[in-house]
There are 2 protein chains.
Amino acid sequence: MPKSNILTTGQEDAFEKACRDAGLRLTHQRLEIYRQLATSTDHPSAETLHQRLRRDNPTLSLDTVYRTLAVFAHHGIINKVETVESQSRFEAKRMRHHHLICSRCKEIIDFQWHHIDEAPLPEETRTWGRIDNKNVVIYGVCNKCLEAKKAS
Amino acid sequence: MPKSNILTTGQEDAFEKACRDAGLRLTHQRLEIYRQLATSTDHPSAETLHQRLRRDNPTLSLDTVYRTLAVFAHHGIINKVETVESQSRFEAKRMRHHHLICSRCKEIIDFQWHHIDEAPLPEETRTWGRIDNKNVVIYGVCNKCLEAKKAS
DNA sequence: GTGCGTGCAAACGGTTTGCATGCTT
DNA sequence: AAGCATGCAAACCGTTTGCACGCAC
C-alpha cells in the first residue's frame, strides 16, 4: 500500500491525455483528486477522499470532489463501485479485477480471478443486450473484523 | 412473469416460519410487502414497492416499507442488491443467481451461472476472512434501450 | 394487557445545484 | 478574452427516527 500519492510519469501522462481527449481542463484540483484516488487501494468515498486531500489542499471543497468524481466516472476515467451501502465508493481504472467487501468495516479490496474473466458468459446474458462489464462482488467479514468480534 | 402477487401455500408457510423463527410479528403489512417483493422479478426500490402496494393498501406508509425491508434484510429473508445507483433495490431470497443491470433503464434481471457457482475461489480470497456470498454483477445496456437509442 | 409495529411528521446525511468568481485554454 | 471549473451556501432526495396510537401475541 503506497503511502505517498505520487504517480509514475506514465500514469500522469495517461491521465492528462484522458482529460484532453475528453475535453476536460486540466486543473490543479482534478489532478490532485485523480492522484489521491489512483494511489488509494481502499476504494474511498467522496468524503474520505476529501478529508485526505484537505491535508495538502485546505481550500478544496467537498462539492468539487463530488463534481470531479462524477465527471471522471462519466468519461470512464474512474469507476463507481457496486455496493450495498448508501455512500458511493470509487476507484481509478486499473487492471481487470473483482471486489471483496467486508460487511462490518466496509473495507473493499481487489482480487484477481482470471478463471472468471475468461469463462464464456451463459447464453441468456448474450442475448440480453450490450455488455459493458462484468464484476464479481463477494461479501463477507474480513479477518481483522472476525478477530475484533471474537475479542468483544 | 406472474402478474398477480399470489404466493403458493408453500412459499407463504415458509415466510411465516421465517418470521416466527426471527421473532417477528406477522402483520398484514409485512405479509403484503413480502408478497409483493416475492412476486416481483424486477428488484424494486422501496419507493416502487410502496407505489405498487398502495393500490391495494392505501394506508400503508413509505417508512413502514423501509422499516420492513430493513428488518427482512437483517434477518436474511430478503436481500439488498449491489448497485451503483443511489436508490437501494431489493429481492426476495431465491435460487442462487446473478444480476444483469441496464445502465440506462436501471432494470435488473436475474441469470444463472452454475459454472461460477461451482468454480473454486482464488486463493487470496480464501485467506481474507469469512465469505458470506458471491455475486456476479454485469453492467450494460439491454436490447430495449439499445432499440430506443437507435430510434432517437 | 404487554409491548412490538405502524403512521405521521420532522430530522438526517449524502449528494446536487445556482450563482458569482477564478483560472485554464 | 471566453467560458469551463471552483467554492460557497442552499436545495434536494432517499432514508431514518421520535413519538403516540393500534394491533398481534
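Residue numbers begin at 1 in each chain, while the letters A, B, ... track the order of the sequences.
- B:E47 contributes atom CD, which lies 12.5 Å from atom CZ of B:R52 (distance to the nearest 0.5 angstrom).
- Atom CG of residue A:D42 and atom SG of residue A:C105 lie 10.5 Å apart, to the nearest 0.5 angstrom.
- Taken residue by residue, residues 50-60 of chain B places heavy atoms nearer than 4.0 Å to DNA chain C at B:T59, B:L60.
- Under a hydrophobic-cluster definition in which Ile, Leu, Val, Met, Phe, Trp and Tyr are linked whenever side-chain heavy atoms come within less than 4.5 Å, directly or via other members, B:F90 and B:I108 are assigned to different clusters.
- A 4.0 Å heavy-atom criterion places the boundary nucleotides of DNA chain D facing chain B at D:dG14 to D:dC25, written 5' to 3'.
- A donor-acceptor pair is defined here as one N or O able to donate and one able to accept, closer than 3.5 Å; such a pair exists between the side chain of B:R89 and the backbone of B:K106.
- The closest side-chain heavy-atom distance from B:E82 to A:I101 is not below 4.5 Å.
- Less than 4.0 Å separates DNA chain C from at least one heavy atom of each of the following residues of residues 61-77 of chain B: B:S61, B:D63, B:T64, B:R67, B:T68.
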Listed pairs under 3.5 Å, donor-acceptor, residues 136-148 of chain A side chains, sequence neighbours left out:
unit_1	atom_1	unit_2	atom_2	d
A:Y139	OH	A:V84	N	3.0
A:N143	ND2	B:T127	O	2.6
A:N143	ND2	B:W128	O	3.1
A:K144	NZ	A:E107	OE1	3.2
A:K144	NZ	A:E107	OE2	3.4
A:E147	OE2	A:K150	NZ	3.4

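- No contact: A:S45 has no heavy atom under 4.0 Å from any strand.
- Taking A:R126 as the reference, A:E123 meet the salt bridge (charged side-chain N to carboxylate O under 4.0 Å, His left out) condition, with sequence neighbours excluded.
- For B:Q87 and C:dT15, the CD to C1' distance is 14 Å, given to the nearest whole Å.
- For B:R130, the salt bridge (charged side-chain N to carboxylate O under 4.0 Å, His left out) partners two or more places apart in sequence, or in a different chain, are B:D132.
- Taking OG1 of A:T39 as the start and CG of A:L7 as the end, the distance is 6.5 Å to the nearest 0.5 Å.
- Closest approach of A:A119 and A:K134 over heavy atoms only: O-NZ, 3.8 Å.
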Are any protein N/O atoms closer than 3.5 Å to N/O atoms in nucleotides 21-25 of chain C? If there are, list each pair with its distance.
unit_1	atom_1	unit_2	atom_2	d
C:dT24	O2	A:R25	NH1	3.0
C:dT25	OP1	A:L26	N	2.9

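- Taking every heavy atom of residues 9-21 of chain B and every atom of DNA chain C, no pair lies under 4.0 Å.
- Taken to the nearest 0.5 Å, the OG1 atom of A:T48 stands 11.0 Å off from the CG atom of A:L37.
- Two different hydrophobic clusters hold A:L49 and A:V81 under the rule that ILVMFWY side chains link at heavy-atom gaps under 4.5 Å.
- Counting heavy atoms from C-beta on, the side chains of B:N57 and B:H28 come closer than 4.5 Å.
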Please table the atom pairs, donor to acceptor, closer than 3.5 Å between any side-chain atom in residues 64-79 of chain A and protein atoms at least two apart or in another chain.
unit_1	atom_1	unit_2	atom_2	d
A:T64	OG1	A:S61	OG	3.1
A:R67	NH2	A:D63	OD1	3.4
A:T68	OG1	A:T64	O	2.6

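- Note that CD of B:E85 and OG of A:S88 are 9.0 Å apart. Values are rounded to the nearest 0.5 Å.
- Taking atom CD1 of residue B:I33 and atom P of nucleotide C:dG5, one finds them 12 Å apart after rounding to whole Å.
- With the end axes of the helix from C:dG1-D:dC25 to C:dT25-D:dA1 each set by five pairs, the angle from one to the other reads 40° at 10° resolution.
- The side-chain heavy atoms of B:E32 and B:L60, taken from C-beta on, include no pair separated by under 4.5 Å.
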Pairs under 3.5 angstrom only: tabulate donor-acceptor contacts from the side chains of residues 9-17 of chain B to other protein residues two or more places apart or in another chain.
unit_1	atom_1	unit_2	atom_2	d
B:Q11	OE1	B:T8	N	2.9
B:Q11	OE1	B:T8	OG1	3.3
B:E12	OE2	B:R35	NH2	2.8
B:K17	NZ	B:D21	OD2	2.7

Could you list the donor-acceptor pairs under 3.5 angstrom formed between side-chain atoms of residues 110-118 of chain A and any protein atom two or more places apart in sequence or on another chain?
unit_1	atom_1	unit_2	atom_2	d
A:D110	OD1	A:H43	NE2	2.7
A:D110	OD1	A:H97	NE2	3.4
A:D110	OD1	A:H99	NE2	3.3
A:D110	OD2	A:R94	NE	3.4
A:Q112	NE2	A:R96	O	3.2
A:H115	NE2	B:H115	NE2	3.3
A:D117	OD1	A:H98	NE2	2.8

